[in-house]
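Everything below concerns the one structure shown next.
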Number of protein chains: 2
Amino acid sequence: MPNIKQIAKIAGVSVSTVSRVINHHAYVSEDKRRAVMEAIVQLNYSRNLNAVHLSKGTTNIIGVMVPSINHAYFSRLMEGISSEALMKDYQLMVCQTNYNPVSEGKVLDMLKMKQMDGIIIGSKTLAWEQIEPFTEYGPIVACEDAGTSAISSVYLDHYDCFRQGMRYLIERGHRQIGFCLGRADSANSLKRRRAYEDALAAIHEAVREEWMFYQCLRIEDGLAVVHQWLRMRERPTALLVTSDQVAAGIITEARKNGIRIPEDLAVIGFDNQPIAQVFDLTTIDNQLFEMGSAAFQMAYDHITKKRTKPENRELGYLLIERSTV
Amino acid sequence: MPNIKQIAKIAGVSVSTVSRVINHHAYVSEDKRRAVMEAIVQLNYSRNLNAVHLSKGTTNIIGVMVPSINHAYFSRLMEGISSEALMKDYQLMVCQTNYNPVSEGKVLDMLKMKQMDGIIIGSKTLAWEQIEPFTEYGPIVACEDAGTSAISSVYLDHYDCFRQGMRYLIERGHRQIGFCLGRADSANSLKRRRAYEDALAAIHEAVREEWMFYQCLRIEDGLAVVHQWLRMRERPTALLVTSDQVAAGIITEARKNGIRIPEDLAVIGFDNQPIAQVFDLTTIDNQLFEMGSAAFQMAYDHITKKRTKPENRELGYLLIERSTV
DNA sequence: ATGAAAGCGCTAACAA
DNA sequence: TTGTTAGCGCTTTCAT
């Protein structure tokens with residue numbers, strides 16, 4: 001592989017002139033520029049990015065920490081990140097962690113090792129205190145509420161959001177309400193559960209453990225929910241489901257079993273994914289794409305020093321009324 | 001940020017010894033090793049990966065070229081790639097191209113610029129001849145038939161596969177068969193169309209343009225298909241749909257319109273995604289996960305010189321009989 | 001077992 | 001406008 005030195009030699013100039021040409025700097029005479037360009041073509045030259053990165057101390061790479069690449073929620077989020085990265089000519093290093101703390105640590109380490117200029121956290125299991133020290137090495141933006149930590153974040157108020165879902169159901173006469181969440185112990189789940197309990201308390205309904213479904217992450221998880229529902233003596237008349245995929249699974253299996261939606265069972269989904277539209281599913285749009293692009297922008301602004309302090313940006317959400325309630 | 005030199009100084013050894021310790025080389029006395037380790041902890045040192053990459057000439061990064069990050073097909077494929085990469089300690093640079101030739105070219109350029117050690121192509125629009133020259137800079141593995149080019153590939157025989165789908169439908173009495181494909185001009189689509197035409201010719205049925213749907217990529221694309229189907233005077237009794245998502249969209253919209261599946265319309269999907277299971281959809285499993293992991297392994301073997309010649313590996317497929325035919 | 005030193009290829013400050 | 005040169009931080013060969 002030819003290097004800048006050989007180009008310089010052939011073009012009859014110094015390496016700095018070559019560098020200037022490559023980087024489109026001013027103050028290069030037209031004939032030298034041409035000579036360099038010709039040499040570049042002649043030798044089929046390309047810069048060695050590792051050398052560039054080492055020399056500059058930056059990489060134009062953003063790391064994306066997600067538990068799973070193949071999950072509608074993160075796919076949509078990454079799409080938002082990617083669209084913004086594409087415009088700014090940044091590359092994405094997608095790191096699948098499977099919620100493994102060791103894997104998550106490795107991603108943080110890569111920031112320290114200057115492999116990437118910043119990190120966007122889609123979701124994680126590590127505590128904020130374990131992540132915080134790494135902000136020294138570059139911006140870290142979380143796509144969830146980072147609480148009082150010094151980590152930037154784009155998030156929405158899941159308590160509020162869940163409360164609104166509950167309110168909507170209650171206003172339509174439901175009192176027996178259940179929910180489907182993902183990880184039982186995640187911060188978001190905890191908030192949602194609190195919202196759920198508060199909402200029930202407000203209408204003097206007791207909380208029932210058996211109406212709370214956890215580990216509902218994918219479309220197929222909806223099936224088990226329906227079967228459990230069928231086995232119950234007392235059944236919830238409505239379900240707040242924090243994933244359109246799971247909601248779609250529930251609806252499909254429900255219909256197969258002759259359960260009428262929403263008459264027998266009302267369902268509210270989350271995310272407003274395309275599948276929600278197809279199912280005519282009432283859902284809460286939590287702006288995943290926008291969250292992704294906002295996260296990238298935030299990281300970008302920090303890298304380019306447009307900002308220095310951590311930011312916390314709350315996004316809105318929108319209840320989309322369709323036919324499953 | 002501390003560097004190897006400072007560590008050496010504090011530990012009272014040379015930089016080479018530090019390097020040996022970091023890289024777990026043999027021939028380092030126990031006390032020096034300990035001294036180095038202590039210095040590393042003391043200064044909170046981490047290697048600068050850009051320097052490592054420059055020095056070594058490799059990066060342990062594989063580029064993944066996909067038109068879209070947020071698409072079930074590529075998500076599943078990337079999951080396969082990722083699972084293998086995780087085991088081998090490789091990082092994934094996911095590059096979304098939107099089938100833009102310029103973006104695709106940039107990914108290839110990054111290989112030349114030594115930003116990545118190899119590339120896995122999920123799908124592309126560039127011609128093989130335009131890609132082939134870049135194999136000089138590192139292994140390129142395509143997740144589709146790369147024809148006679150010198151590019152490695154993992155693929156399945158889409159002609160055969162489509163033929164089998166047709167055969168299955170025909171055996172069950174269908175003669176009026178349509179299909180839903182993605183990009184009209186892709187190599188795969190062309191093969192499938194040929195298979196379709198050959199299958200019809202074999203039963204002396206004419207080919208009808210209006211029964212061939214293109215640009216069917218996402219779940220929501222299924223709706224339009226159903227509406228067009230409804231408007232037809234003569235309708236196909238069966239549809240071969242190269243995406244479970246689209247098939248699910250079709251089924252959902254069909255049921256909503258009182259169309260019975262499979263009595264009025266039989267549907268075969270593709271990919272055997274989780275959604276196919278939920279919909280009890282007859283589908284053809286084309287082993288996307290395995291394709292992804294095989295692609296990574298292939299790239300890996302070339303990088304580590306276990307192989308040098310381009311490989312072409314054909315994967316099997318499996319028709320999964322469920323209830324939509 | 002250890003160290004000196006020559007790269008790896010580029011950027012950018014400085015001098016001219 | 002151009003060139004010289006000192007880094008960037010690490011690996012690895014070659015001596016010892």
Side-chain angles (χ1 to χ4, degrees), chain A residues 1-40 43-61 109-117 137-138, chain B residues 1-40 43-61 109-117 137-138:
Chain A
M1 284 266 71
N3 58 29
I4 209 177
K5 217 165 163 181
Q6 299 174 39
I7 299 295
K9 196 166 163 192
I10 292 193
V13 299
S14 71
V15 290
S16 17
T17 298
V18 177
S19 176
R20 288 191 190 99
V21 172
I22 293 171
N23 295 289
H24 309 102
H25 283 182
Y27 308 128
V28 183
S29 69
E30 196 42 42
D31 43 335
K32 300 229 172 196
R33 155 165 280 120
R34 197 162 17 239
V36 170
M37 293 307 285
E38 276 168 15
I40 287 176
L43 296 194
N44 186 22
Y45 167 82
S46 284
R47 296 183 299 175
N48 180 319
L49 283 183
N50 295 128
V52 175
H53 294 166
L54 172 60
S55 187
K56 291 195 138 146
T58 59
T59 58
N60 277 36
I61 295 172
D109 277 334
M110 296 182 71
L111 180 64
K112 188 177 173 194
M113 297 194 278
K114 303 187 91 35
Q115 167 92 280
M116 37 185 70
D117 295 343
Y137 310 112
Chain B
M1 282 267 73
N3 59 27
I4 209 177
K5 219 165 161 180
Q6 299 173 41
I7 300 294
K9 198 167 163 192
I10 294 195
V13 300
S14 72
V15 291
S16 9
T17 299
V18 176
S19 177
R20 288 192 189 98
V21 172
I22 294 172
N23 294 290
H24 309 102
H25 283 183
Y27 306 128
V28 182
S29 68
E30 195 42 42
D31 41 336
K32 301 228 172 198
R33 155 164 280 120
R34 195 159 22 233
V36 169
M37 293 308 285
E38 276 168 16
I40 286 176
L43 296 195
N44 187 22
Y45 167 83
S46 284
R47 295 183 301 174
N48 180 319
L49 283 183
N50 295 128
V52 175
H53 295 165
L54 172 60
S55 188
K56 290 196 138 138
T58 59
T59 59
N60 276 37
I61 295 173
D109 277 332
M110 296 183 71
L111 180 63
K112 189 176 173 195
M113 298 195 277
K114 302 188 90 38
Q115 167 92 282
M116 36 183 73
D117 295 342
Y137 310 113

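Order of the sequence lines sets the chain letters (A, B, ...), proteins ahead of strands, with each chain counted from 1. Note that this is a predicted model, so its numbers are computed, not measured.
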Considering only C:dC10, D:dT4, C:dA4, which nucleotide approaches the side chain of A:Ser14 most closely? D:dT4

Does any donor atom in the side chain of A:Thr17 or A:Lys32 lie under 3.5 Å from an acceptor atom in the other side chain? no

Is there a donor on the side chain of A:Thr17 or the base of D:dG3 sitting less than 3.5 Å from an acceptor on the other? no

Nearest-Å distance, NZ (B:Lys5) to C1' (C:dA5)? 11 Å

Across the strands shown, which category fits B:Val18 at heavy-atom distances under 4.0 angstrom: base, sugar-phosphate, nothing? nothing

Which whole-number value in Å describes the distance from B:Ile4 CD1 to C:dA4 P? 13 Å

Looking only at the side chain of B:Val28 (C-beta and beyond, no hydrogens), which of the listed nucleotides D:dG9, C:dT2, C:dG9 gets closest? C:dT2

Can you check whether B:Asn23 has a side-chain N or O nearer than 4.0 Å to OP1 or OP2 of D:dT11? yes

If you assign each of B:Lys32 and A:Met1 to its closest nucleotide in DNA chain C, which residue comes earlier from the 5' end? B:Lys32

For the side chain of B:Asn3 and the backbone of B:Lys5, is there at least one donor-acceptor N/O pair under 3.5 Å apart? yes

Round to the nearest Å and state the distance from A:Lys114 atom NZ to D:dC10 atom P. 11 Å

In whole angstrom, give the distance that lies between atom CD1 of A:Ile22 and atom P of C:dG9. 13 Å

Heavy atoms of other groups near A:Met37 CE, more than 12 under 6.0 Å: no

Whole-Å gap separating P (D:dC8) and CG (B:Asn48): 11 Å

Rounded to whole Å, the CG-C1' distance (B:Asn60 to D:dC10) equals 15 Å

Has the side chain of B:Ser55 got a donor or acceptor that lies under 3.5 Å from a partner of the other kind on the base of D:dG9? no

What is the minimum heavy-atom distance between A:Asp117 and A:Asn60, and which atoms define it? OD2-N, 2.7 Å

Does the side chain of B:Lys112 pick up a donor-acceptor pair with the side chain of A:Asn44 at under 3.5 Å? yes

Find the distance B:His25:NE2 to D:dC10:P and express it as a whole number of Å. 14 Å

Give the rounded distance in Å between these two atoms: CG of A:Leu54 and P of D:dT11. 12 Å

Is there a donor N/O on one and an acceptor N/O on the other, under 3.5 Å, for the side chain of A:Ser16 and the base of D:dT4? yes

For C:dT11, take OP1 and OP2 only and decide whether either is under 4.0 Å from a side-chain N or O of A:Arg20. no

Side-chain N or O of A:Tyr27 versus OP1/OP2 of C:dA12: is the shortest distance under 4.0 Å? no

Would you indicate what B:Ser19 reaches in the nucleic acid, counting non-hydrogen atoms under 4.0 angstrom: base, sugar-phosphate, or nothing? base

